Amino acid sequence: MARHASPVQSLLVDGRFDGDVYAHEPLSRHTTYRIGGPARFFVRANSVGALTGLVDVCAAEGTPWVVLGRGSNVLVADGGFPGVAIALGRDFRTLRFDGDRFVVGAGASLSSVVQEAFKRAIGGFEFAVGTPGTIGGALRMNAGTADEWIGQRVVSVTTYRPGRGLIRRRGDEIAWGYRVSSFAADEVILECELAAEAADPYRVRDKMEGNLARRKGCQPLSEPTCGSVFKNPEGASAGRLIEAAGCKGAEVGGARVSDVHGNFIVNRGGASAADVRALMERVRAAVLASAGIELAPEVRLLGFEEDFPATARGVGDVSADASADADADGVRIGERGRAVPSEANAVFAGGVDGTLAGERWRVSDGEGRVAFASEEHGEDGRRG
Ligand SMILES: NC(=O)C1=CN([C@@H]2O[C@H](COP(=O)(O)OP(=O)(O)OC[C@H]3O[C@@H](n4cnc5c(N)ncnc54)[C@H](OP(=O)(O)O)[C@@H]3O)[C@@H](O)[C@H]2O)C=CC1
Ligand SMILES: C=C(O[C@H]1[C@H](O)[C@@H](CO)O[C@H](OP(=O)(O)OP(=O)(O)OC[C@H]2O[C@@H](n3ccc(=O)[nH]c3=O)[C@H](O)[C@@H]2O)[C@@H]1NC(C)=O)C(=O)O
């Protein structure tokens with residue numbers, strides 16, 4: 001080990017760290033856009049202990065870190081990300097049916113839940129058919145359509161926040177808005193329970209087939225994209241505005257505004273992040289000029305030095321975004337439950353036992369700090 005290794009490096013090069021560690025890993029390998037420069041470290045954390053130990057060390061050391069799902073809604077800068085990009089491995093990929101609910105690890109794919117619901121004739125997940133990404137990403141973004149979103153199905157979510165520990169909230173204690181939720185910026189979603197209600201299997205199948213056919217008809221699903229680039233402005237459609245502004249087919253380098261759907265920018269092969277970003281700016285300016293509407297990005301930008309203009313309010317800070325929206329627009333968020341300070345929701349504080357990622361664990365003190373009762377993994381996530 002290098003003499004001057006930082007605590008983060010020491011942890012990651014330790015052979016007992018429960019996960020896979022890649023130094024200078026190109027994030028283009030981990031995004032659906034196939035775009036993005038290297039992360040200083042790309043880490044697949046396989047257990048709760050490994051994950052919490054890692055984010056604690058990053059937070060203490062001031063090393064930037066981010067949690068990625070399938071990279072389906074992110075544009076990573078060509079220069080990469082100078083910190084630790086964390087993906088959720090083994091223990092976070094679980095999916096269990098528990099009578100009236102699914103218990104799902106945040107690293108499981110959204111589509112695995114949709115398929116399991118289909119097999120068991122459970123309704124309420126048909127809207128997500130064909131939607132990429134993990135459950136963690138879906139909860140963070142409150143994935144969905146205009147009428148249905150994942151937050152509606154949430155019974156509870158368990159998260160980890162450095163300095164606060166494990167937090168479990170009921171679904172109605174979380175603010176769910178349009179493509180936004182009230183989790184704090186440094187909160188990692190670990191696991192959730194989703195309501196599973198029996199439904200007519202034929203209706204489930206028909207609804208899924210209808211949604212998939214509609215999506216195939218109007219989205220460039222076979223090309224590398226990040227899904228919708230911009231959020232729909234209140235009462236309007238970003239795709240329609242972009243088409244009306246004459247931007248369909250516009251290109252910068254290898255990036256092109258899809259001919260199929262105006263709100264998709266496709267990587268035609270070899271597009272750089274700078275190409276996509278420049279095209280986003282061009283589209284934003286064109287819509288502002290033609291319709292007087294400022295489009296805000298739905299895609300998350302990672303590793304860029306300058307914020308995209310419309311993200312100036314709380315970049316990457318969904319909780320700031322959500323509470324601001326909740327105040328400004330009680331209909332979209334407020335009526336579905338306001339965010340409650342996380343301290344009030346640390347239901348496991350005080351030593352209450354629970355299960356997480358299939359292991360028994362408990363919280364050791366009233367501060368919400370975690371200590372694992374698990375025999376398999378120690379407190380710092382290293383194999384015993
Ligand atoms: N309808 C559609 O066709 C499409 C929908 N999508 C949706 O976009 C979302 C992207 O999912 P995915 O590819 O997994 O995510 P990404 O890898 O794209 O990550 C996007 C952001 O999600 C947050 N995130 C991901 N996992 C976690 C976690 N466990 N805990 C906390 N935050 C997390 C991070 O936000 P932060 O930076 O704030 O930490 C991250 O920057 C999904 O909801 C997907 O369904 C994406 C493309 C198309
Ligand atoms: C793709 C994503 O989510 C999608 C999700 O798949 C679909 C499924 O209902 O609904 C949203 O798209 P959307 O609002 O663009 O839905 P669409 O039905 O395709 O378009 C809305 C309206 O705009 C029109 N439209 C769309 C594109 C276009 O180039 N021109 C146009 O006129 C359509 O004809 C339709 O009347 C989500 N996008 C946003 C920003 O909310 C994503 O999150 O990444």
Side-chain angles (χ1 to χ4, degrees), residues 27 30-33 36 45 51 55 64-76 81 85-88 92 105-111 113-114 127-151 157-161 178-181 183-192 210-212 214-221 225-233 236-245 247-249 257-264 295-303 314-322:
L27 290 179
H30 304 280
T31 62
T32 53
Y33 243 144
L51 184 276
V55 296
W65 58 278
V66 67
V67 179
L68 288 180
R70 291 287 148 85
S72 68
N73 197 47
V74 65
L75 177 66
V76 181
F81 176 62
I86 306 169
L88 302 181
F92 301 101
S109 69
L110 180 56
S111 66
V113 177
V114 175
F127 74 88
V129 66
T131 304
T134 60
I135 283 291
L139 292 172
R140 168 69 95 187
M141 305 285 305
N142 192 17
T145 66
D147 311 313
E148 291 178 276
W149 50 91
I150 191 80
V157 180
T158 305
T159 66
Y160 182 77
R161 198 174 173 195
Y178 170 64
R179 293 299 116 82
V180 70
S181 61
F183 299 104
D186 62 349
E187 203 165 351
V188 185
I189 297 165
L190 304 180
E191 191 170 275
C192 70
N211 284 343
L212 198 55
R214 194 178 50 76
R215 210 163 261 177
K216 278 184 177 159
C218 72
Q219 295 181 0
L221 295 184
T225 74
C226 65
S228 296
V229 174
F230 296 101
K231 295 182 185 185
N232 285 331
S237 150
R240 190 179 293 146
L241 290 167
I242 293 165
E243 180 170 347
C247 292
K248 269 187 162 176
V257 177
S258 168
D259 300 293
V260 182
H261 195 299
N263 201 16
F264 283 67
L295 291 177
E298 176 178 317
V299 60
R300 307 299 262 254
L301 301 182
L302 182 63
V315 180
D317 183 352
V318 223
S319 83
D321 233 32

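Counting starts at 1 for both ligands and their atoms, in listed order. Note that the structure is a prediction, hence the values are computed from the model and not measured.
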Open item on the list: Distance check, rounded to the nearest 0.5 Å: His261 atom NE2 versus Thr225 atom OG1?
Closed with: 11.0 Å
- [ ] Output the list of atoms in ligand 1 that are nearer than 4.0 Å to some heavy atom of Gly133, sorted by atom number.
- [x] 11 (O), 12 (P), 13 (O), 14 (O)
Task: Nearest-option assignment for atom 10 (C) of ligand 1, heavy atoms, candidates Ser72, Ser228, Ala128 - done: Ser72
Open item on the list: Distance check, rounded to the nearest 0.5 Å: Ile189 atom CD1 versus Phe92 atom CZ?
Closed with: 12.0 Å
Open item on the list: Taking 4.0 angstrom as the limit and counting only heavy atoms of Gly227, give me the atoms of ligand 2 inside it, by number and element.
Closed with: 44 (O)
- [ ] Between Thr159, Asn142, Val67, Leu27, flag the one that comes closest to atom 28 (C) of ligand 1 by a heavy atom.
- [x] Val67
- [ ] Quick one: do Val260 and Gln219 satisfy side chain to side chain contact (heavy atoms under 4.5 Å, CB included)? Show the steps, please.
- [x] CA-CA 6 Å; Val260 182; Gln219 295 181 0; 5.8 Å; no
Open item on the list: What I want to find out is whether Lys248 reaches Asp259 closely enough, with some N-O distance under 4.0 Å, to be called a salt bridge.
Closed with: no
TODO: Give the residue, atom name and distance (to 0.1 Å) of the protein heavy atom nearest atom 43 (O) of ligand 2.
DONE: Glu298 OE2, 2.7 Å
Task: Per-residue contact class, Phe230 against ligand 2 - non-hydrogen pairs under 4.0 Å - done: backbone
Task: Arg70-ligand 1 polar pair, N/O distance under 3.5 Å - done: yes
TODO: Distance to 0.1 Å, residue and atom name: give those for the protein heavy atom nearest to atom 16 (O) of ligand 2.
DONE: His261 NE2, 4.3 Å
Open item on the list: Between Arg179 (side chain only) and Glu298 (backbone N and O only), is there a donor and an acceptor less than 3.5 Å apart?
Closed with: no
Task: Atoms of ligand 1, numbered as shown, that sit under 4.0 Å from any heavy atom of Ala143 - done: 43 (O), 45 (O)
Open item on the list: Closer than 4.0 Å to some heavy atom of Lys248 - which atoms of ligand 2 meet that?
Closed with: 28 (C), 29 (O)
TODO: Please identify which atoms of ligand 2 are closer than 4.0 Å to at least one heavy atom of Phe264.
DONE: 1 (C)
TODO: For atom 12 (O) of ligand 2, state which one of Gly133, Ser228, Ala238, Ser237 supplies the nearest heavy atom.
DONE: Ser228
Task: Ser109 versus Ile135, closest heavy-atom pair with distance - done: O-CG1, 4.3 Å
Open item on the list: Geometry only, no angles: is Asn73 polar-contacting ligand 1 at N/O separations under 3.5 Å?
Closed with: yes
TODO: Report the member of Ala106, Ala138, Pro132 with the shortest heavy-atom distance to atom 45 (O) of ligand 1.
DONE: Pro132
Open item on the list: Quick check: do Leu88 and Thr134 have side-chain heavy atoms less than 4.5 Å from each other?
Closed with: no
Open item on the list: Any nitrogen or oxygen of Ile189, side chain or backbone, less than 3.5 Å from one on ligand 1?
Closed with: yes
Task: Test item: Ser72 side-chain N/O and Cys226 main-chain N/O as donor-acceptor pair under 3.5 Å - done: no
Open item on the list: For the CG atom of Asn232 and the CG atom of Leu295, what is their distance to the nearest 0.5 Å?
Closed with: 9.0 Å
Task: atom 14 (O) of ligand 2: nearest protein contact (heavy atom, Å) - done: Asn232 ND2, 2.7 Å
TODO: Quick one: pull up CZ in Phe183 and CZ in Arg140 and give me the separation to the nearest 0.5 Å.
DONE: 7.5 Å
- [ ] Any atoms of ligand 2 less than 4.0 Å from a non-hydrogen atom of Thr145? List them with their elements.
- [x] 8 (C), 9 (O)
Open item on the list: Heavy-atom distances under 4.0 Å decide this one: backbone, side chain, both or neither, for Leu302 against ligand 1?
Closed with: neither
Open item on the list: Ignoring hydrogens, what is the shortest heavy-atom contact between Phe127 and Trp149? Give both atom names and the distance.
Closed with: CZ-C, 3.7 Å
Task: ligand 1 atoms in contact with Leu88 (distance to a heavy atom under 4.0 Å) - done: 29 (N)
Task: Thr32 side chain vs Gly71 backbone, donor-acceptor pair below 3.5 Å - done: yes
Open item on the list: Starting from atom 39 (C) of ligand 2, what is the nearest protein heavy atom, named by residue and atom, and what distance separates them?
Closed with: Tyr178 OH, 3.3 Å
Open item on the list: What protein heavy atom lies closest to atom 30 (N) of ligand 2? Include the residue and the distance to one decimal.
Closed with: Glu243 OE1, 2.6 Å
- [ ] Could you pull out the closest heavy-atom pair between Ala238 and Pro233, with the gap in Å?
- [x] N-CD, 3.9 Å
Open item on the list: Can you name the atoms of ligand 1, numbered from 1 with element, that are less than 4.0 Å from a heavy atom of Cys226?
Closed with: 47 (C)
Open item on the list: Strictly distance-based, threshold 3.5 Å: is any side-chain N or O of Asn263 a donor or acceptor partner for the main-chain N or O of Ser228?
Closed with: no
Open item on the list: Has Tyr33 got a side-chain atom pairing as donor or acceptor with Asn73's backbone, closer than 3.5 angstrom?
Closed with: no
- [ ] Write down the atom of Leu110, the atom of Ala138, and the distance for their closest heavy-atom approach.
- [x] CD2-CB, 4.1 Å
Open item on the list: Checking Arg70 against Thr31: is there a side-chain donor and acceptor pair closer than 3.5 Å?
Closed with: no
- [ ] Ignoring hydrogens, just give me the one of Met141, Arg215, Arg214 whose non-hydrogen atom is nearest atom 9 (O) of ligand 2.
- [x] Arg214
Open item on the list: Is the contact between Thr131 and ligand 1 made by the side chain, the backbone, both, or neither, using heavy atoms and a 4.0 Å cut-off?
Closed with: side chain
Task: From Arg179, Glu148, Lys231 - option closest to atom 37 (C) of ligand 2 by heavy atom - done: Arg179
Open item on the list: I'd like to check which ligand 1 atoms, numbered from 1 as shown, lie under 4.0 Å from a non-hydrogen atom of Gly227.
Closed with: 47 (C), 48 (C)
- [ ] Enter the distance from Leu51:CG to Leu190:CG here, rounded to the nearest 0.5 Å.
- [x] 6.0 Å
Task: Numbered atoms of ligand 1 (with element) below 4.0 Å of Val188, judged on heavy atoms - done: 30 (N)
- [ ] Just let me know how Leu110 lines up against ligand 1, side chain, backbone, both or neither, with a heavy-atom cut-off below 4.0 Å.
- [x] side chain
Open item on the list: Heavy-atom distances under 4.0 Å decide this one: backbone, side chain, both or neither, for Arg240 against ligand 2?
Closed with: both
- [ ] Return yes or no for this condition: an N or O of Gly71 is under 3.5 Å from an N or O of ligand 1.
- [x] yes
TODO: Take atom 34 (O) of ligand 2 and look for protein heavy atoms under 4.0 Å from it; say yes if you find one, no if not.
DONE: no
Open item on the list: With a cutoff of 4.0 Å, is His30 in contact with ligand 1, counting heavy atoms of the residue only?
Closed with: no
- [ ] Please determine, by modelled atom types, if Glu187 and Thr159 share a side-chain donor-acceptor pair under 3.5 angstrom.
- [x] yes
- [ ] Rounded to the nearest 0.5 Å, what's the gap from CZ on Arg214 to OG1 on Thr145? Could you check?
- [x] 7.5 Å
Open item on the list: Geometry only, no angles: is Cys218 polar-contacting ligand 2 at N/O separations under 3.5 Å?
Closed with: no
- [ ] Name the closest protein heavy atom to atom 7 (C) of ligand 2, giving the residue it belongs to and the distance to 0.1 Å.
- [x] Gln219 NE2, 4.0 Å
Open item on the list: Checking the side chain of Asn142 only, and the main-chain atoms of Gly151 only, is there a donor and an acceptor separated by less than 3.5 Å?
Closed with: yes
Open item on the list: With respect to Gly69, determine whether any N or O atom, backbone or side chain, lies less than 3.5 Å from an N or O atom of ligand 1.
Closed with: yes
Task: Element-labelled atoms of ligand 1 that are located less than 4.0 Å from some non-hydrogen atom of Glu187 - done: 31 (C)
TODO: Determine, using heavy atoms of Ser109 and all atoms of ligand 1, whether some pair is separated by less than 4.0 Å.
DONE: no
TODO: Using a 4.0 Å heavy-atom cut-off, say whether Met141 meets ligand 1 through its side chain, its backbone, both or neither.
DONE: side chain
